[in-house]
Amino acid sequence: MIPVKVQTRLMGNTFEFIALAPNEEIGHEQIAVGVEEVKRIEKIFTTFSDNSVTNEVNRMAGVSPVEVPEEFFWLVFRAQKISALTQGLFDLSYGSLDKDFWNFNRAMTQLPHSDEAKKSVSLIDYRNIVLDAQTCTVFLRNKGMRIGFGGIGKGYAADCAKRKMMLAGVENGIVSASGDLNAWGYQEDGSPWTVGIANPNLKHTFFSTLNITNKSIATSGNYEKFVVIDNQLYSHTINPRTGYPVKGVKSVTIITTNAELADAMATPVSIMGVKDGLNFINQIKGIECVLIDDADKLYVSNNIKLIK
């Protein structure tokens, strides 16, 4: 068996697919199945196409419920459960954030007044996403509300691609979606996959590594998009309660059984901060995390083994 790799642009991110296959041709065929699955999901969940289900739901905000495919409904349903668990720190209606207000460009030289910041997040409230399982509908209560899958969609796509690749015969492989990674089986030599925790200060280097198999990892970092005001770095992650950017944590890496959950948990733990974030994760079975704070100190949850 040989490792076959394909890197491509999907969902606005770099996806990498790895399959241990008998030869290059079979490996590429198996990976193509995963790529097609991600393309299918992107069409349904994107906000960059007028024809997507997401934008149909957003168009009808404050007007009427929208009948959606079962797949869409149940992803929103699971997202709502995570919102309740994190007390709204994960929220699909984060799509309602005033993007023009928080543009994080270089012209931004000061933080807004607290009242203005609060107003920019006023439409974010997962409790105003109404689900009806009998009619399979999603309804956004308030006009102007928008949902978006930026905090869970890549992870969901990685899980779906993994399932399709396994059905195509891939017993050992990886689907990596720009920070969200699904690894199953083992490497060519029979050892677990080795995954790096990105160094927030040097994007293409690693802070430390983990050995994993049949696990998923998602990393949320402030090094992707940020602004510096008065020598203080503010990340693009906005706390939906305050309307202000999160500070104190440079990156959060979540390790759990599926990429969807890992993806969804990374942002709320960033918002919680080191102490509350670790305490929160340590209370949930089957999920671990690694945090790096603003002073570059590394923290890990219980039962985690890092390799330096």
Side-chain angles (χ1 to χ4, degrees), residues 57 61 73-98 101-102 114-133 138-142 144-156 180 216 218-222 234-294 299-302:
V57 170
F73 180 90
W74 291 113
L75 182 56
V76 176
F77 178 86
R78 293 192 300 275
Q80 291 288 82
K81 293 287 184 189
I82 295 168
S83 295
L85 181 66
T86 61
Q87 298 182 320
L89 294 183
F90 171 84
D91 196 324
L92 286 186
S93 65
Y94 195 88
S96 310
L97 180 72
D98 187 340
F101 186 80
W102 284 118
S114 59
D115 291 344
E116 291 178 314
K118 206 81 192 277
K119 192 180 172 188
S120 77
V121 295
S122 60
L123 286 170
I124 301 175
D125 191 341
Y126 72 95
R127 292 166 296 189
N128 290 324
I129 302 172
V130 183
L131 300 177
D132 186 329
V138 179
F139 176 52
L140 309 183
R141 274 205 185 103
N142 299 320
M145 267 186 85
R146 291 174 59 81
I147 57 171
F149 294 86
I152 198 170
K154 283 191 290 137
Y156 175 67
D180 301 332
S216 297
T219 297
S220 174
N222 70 3
Y234 294 93
S235 87
H236 71 290
T237 304
I238 304 294
N239 185 331
R241 290 177 184 159
T242 64
Y244 278 126
V246 172
K247 58 179 183 175
V249 174
K250 276 188 177 174
S251 81
V252 170
T253 299
I254 302 288
I255 304 104
T256 187
T257 50
N258 67 79
E260 177 189 309
L261 180 61
D263 194 5
M265 283 295 192
T267 297
V269 172
S270 297
I271 298 169
M272 289 175 196
V274 173
K275 187 181 173 187
D276 290 345
L278 282 174
N279 185 43
F280 172 72
I281 292 296
N282 283 332
Q283 292 178 62
I284 306 171
K285 196 176 178 183
I287 185 166
E288 303 298 340
C289 78
V290 178
L291 296 101
I292 300 168
D293 72 7
D294 280 349
Y299 302 82
V300 297
S301 60
N302 299 341

Non-neighbouring partners of [X] that pass side-chain contact (heavy atoms from CB on, under 4.5 Å), sequence neighbours left out:
X      : result
Leu85  : Met265, Phe280, Ile284
Arg241 : Gln87, Leu89, Asn239
Ser270 : Ser220, Val252

Under 3.5 Å, side chain of [X] to main-chain N/O of [Y], donor-acceptor pair present?
X      : Y      : answer
Ser93  : Ile147 : no
Thr253 : Cys289 : no
Tyr94  : Ile238 : yes
Asn128 : Arg141 : no
Asn142 : Met145 : no
Asp263 : Ala259 : no

Quick one: [atom1] on [X] to [atom2] on [Y], what's the gap to the nearest 0.5 Å?
X      : Y      : atom1 : atom2 : answer
Asp293 : Lys250 : CG    : NZ    : 8.0 Å
Gln80  : Leu75  : CD    : CG    : 10.5 Å
Ser96  : Ile129 : OG    : CD1   : 8.0 Å
Asp276 : Leu278 : CG    : CG    : 9.5 Å

Which residues share a salt bridge (Lys or Arg N to Asp or Glu O under 4.0 Å) with Arg127, sequence neighbours left out: Asp125

Parallel, tilted or perpendicular, as decided by the 30° and 60° cut-offs, for the rings of Phe73 and Phe77: parallel

Less than 4.5 Å apart, any side-chain heavy atom of [X] and any of [Y]?
X      : Y      : result
Tyr126 : Leu92  : no
Val290 : Ile255 : yes
Val138 : Leu131 : yes
Asn279 : Gln283 : yes
Ile82  : Leu261 : yes

Test side chain to side chain donor-acceptor pair (under 3.5 Å) applied to Thr256 - qualifying residues, sequence neighbours left out: none

Least distance between heavy atoms, Ala262 atom then Ser216 atom: CB-O, 4.3 Å

For Phe90 against Ala264, the heavy-atom pair lying closest together: CD1-O, 3.4 Å

All pairs passing salt bridge (charged side-chain N to carboxylate O under 4.0 Å, His left out) where residues 73-91 contributes a residue, at least two apart: Arg78-Glu260

Ile254: which of Ile287, Asp180, Thr267, Thr219 passes side chain to side chain contact (heavy atoms under 4.5 Å, CB included): Ile287

